[in-house]
Asker: 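Handing you a structure now.
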Amino acid sequence: MSTEGIVRGYDFMDASSIDEHVICAICAHPFIDPVVTPCDHTFCKTCIKSWFDKKSECYLCRKGGLSMKALRPANHCMMNILDKILVRCLACEDENIRRGDFADHLENHCLYHPQKCSASDLKCPWVGLRNQAKSHHSACVFETLRPAFEDILTRLHTIEKENKSLRSENNDLKEELMTLEREFNELEGVIKNNEEHGHSRRTGKNVSKSKKSSDYAPELRDKHHHMFTSDDDKDETTRNINTHLPATHEVNVNIY
Ligand SMILES: [Zn+2]
Ligand SMILES: [Zn+2]
Ligand SMILES: [Zn+2]
Ligand SMILES: [Zn+2]
């Protein structure tokens, strides 16, 4: 029995009849996932990969400078020959199964191949044989709870989506808050300068060092022009800014 058979769960019906052209020189078994080198030598993908870990040359002809990137998959003709090799299932002892169909045999037909519960997607840990699966299935708690699980999963999915949109909304609000804070700081500077300007005017000092409101960015000046027409207006502006900012903070907190 080949090591490949033990690992894969089958044995060859007649190993001696297998065409020598489909035998891997490295593992001495029919190719699995065969790949072809630029020098036209074929190997199992995993066999040549482990070989390249040691040497970057062809295992057979020693052509150098090779890597996995230089390889191409074997052609359909080769794949057909490999798929047609007949094997025997080690679990149920079914014979004459095409090697290309063996995975399907295990998955869907083999009576003795351990299989998972149909509710394994819901984390049912049961593993057993196909002929025991029916009785497990009728008693499986996970399968019974499937409608409830699926309902919860759907709701979880909705919550995840909502959470994602709230996060992006939160980021928008943070940006808005930063803009407002910047604007607030600018306005504070303007107000301070304006106060100094008023003070200098009242005390009769030279005001040329203080910035006049007309020196600030036009958009800021236009937006807040009315604030500087009187002291009453200025106080109202300060009040507006102070009430506006904490309100934005409050929205931010609610998101979390
Ligand atoms: Zn091999
Ligand atoms: Zn070669
Ligand atoms: Zn089987
Ligand atoms: Zn189950």
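Each ligand, and each atom within it, is numbered from 1 in the order the structure gives. Residues: numbered from 1 along the sequence shown.
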Asker: Hey, does the side chain of R130 reach the backbone of E107 with a donor-acceptor pair shorter than 3.5 angstrom?
Answerer: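 Looks like yes, one N/O pair under 3.5 Å.
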Asker: If you draw a sphere of radius 2.8 Å around the Zn ion (ligand 1), how many protein N/O/S atoms end up strictly inside it?
Answerer: 4
Asker: Keeping the roles fixed (side chain from W51, backbone from E57), state whether a donor-acceptor pair exists under 3.5 Å.
Answerer: yes
Asker: Inspect the contact between R72 and D40 and indicate whether a charged nitrogen and a carboxylate oxygen are less than 4.0 angstrom apart.
Answerer: yes
Asker: Can you give me the SG-the Zn ion (ligand 4)-SG angle for C140 and C124, to 10°?
Answerer: 110°
Asker: Got V36 and P73 here, is their nearest side-chain heavy-atom distance under 4.5 Å?
Answerer: no
Asker: Going by the angle between their ring planes, with limits at 30° and 60°, are F12 and Y10 parallel, tilted or perpendicular?
Answerer: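 Perpendicular: the ring planes of F12 and Y10 meet at over 60°.
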Asker: Rounding to 10°, state the angle centred on the Zn ion (ligand 4) that links SG in C117 with NE2 in H136.
Answerer: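 The angle at the Zn ion (ligand 4) comes to 100°, rounded to the nearest 10°.
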Asker: First locate atom CG of D121, then atom CZ of F149, and finally report the distance between them rounded to the nearest 0.5 Å.
Answerer: 10.0 Å
Asker: To the nearest 0.5 angstrom, please state how far the CG atom of L180 sits from the CG atom of N185.
Answerer: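 Answer for the CG-CG pair, L180 versus N185, is 11.0 Å.
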Asker: For I159, is there any backbone N or O sitting under 3.5 Å from a side-chain donor or acceptor partner on N163?
Answerer: no
Asker: Taking NZ, NE, NH1 and NH2 as the nitrogens, is one of them in D53 or K49 under 4.0 Å from a carboxylate oxygen of the other?
Answerer: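 Not counted as a salt bridge, because no side-chain N and carboxylate O are separated by less than 4.0 Å.
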Asker: For the Zn ion (ligand 3), how many protein N, O or S atoms come closer than 2.8 Å?
Answerer: 4
Asker: Measure the OG-CG distance between S168 and L173 for me, rounded to the nearest 0.5 Å.
Answerer: 9.5 Å
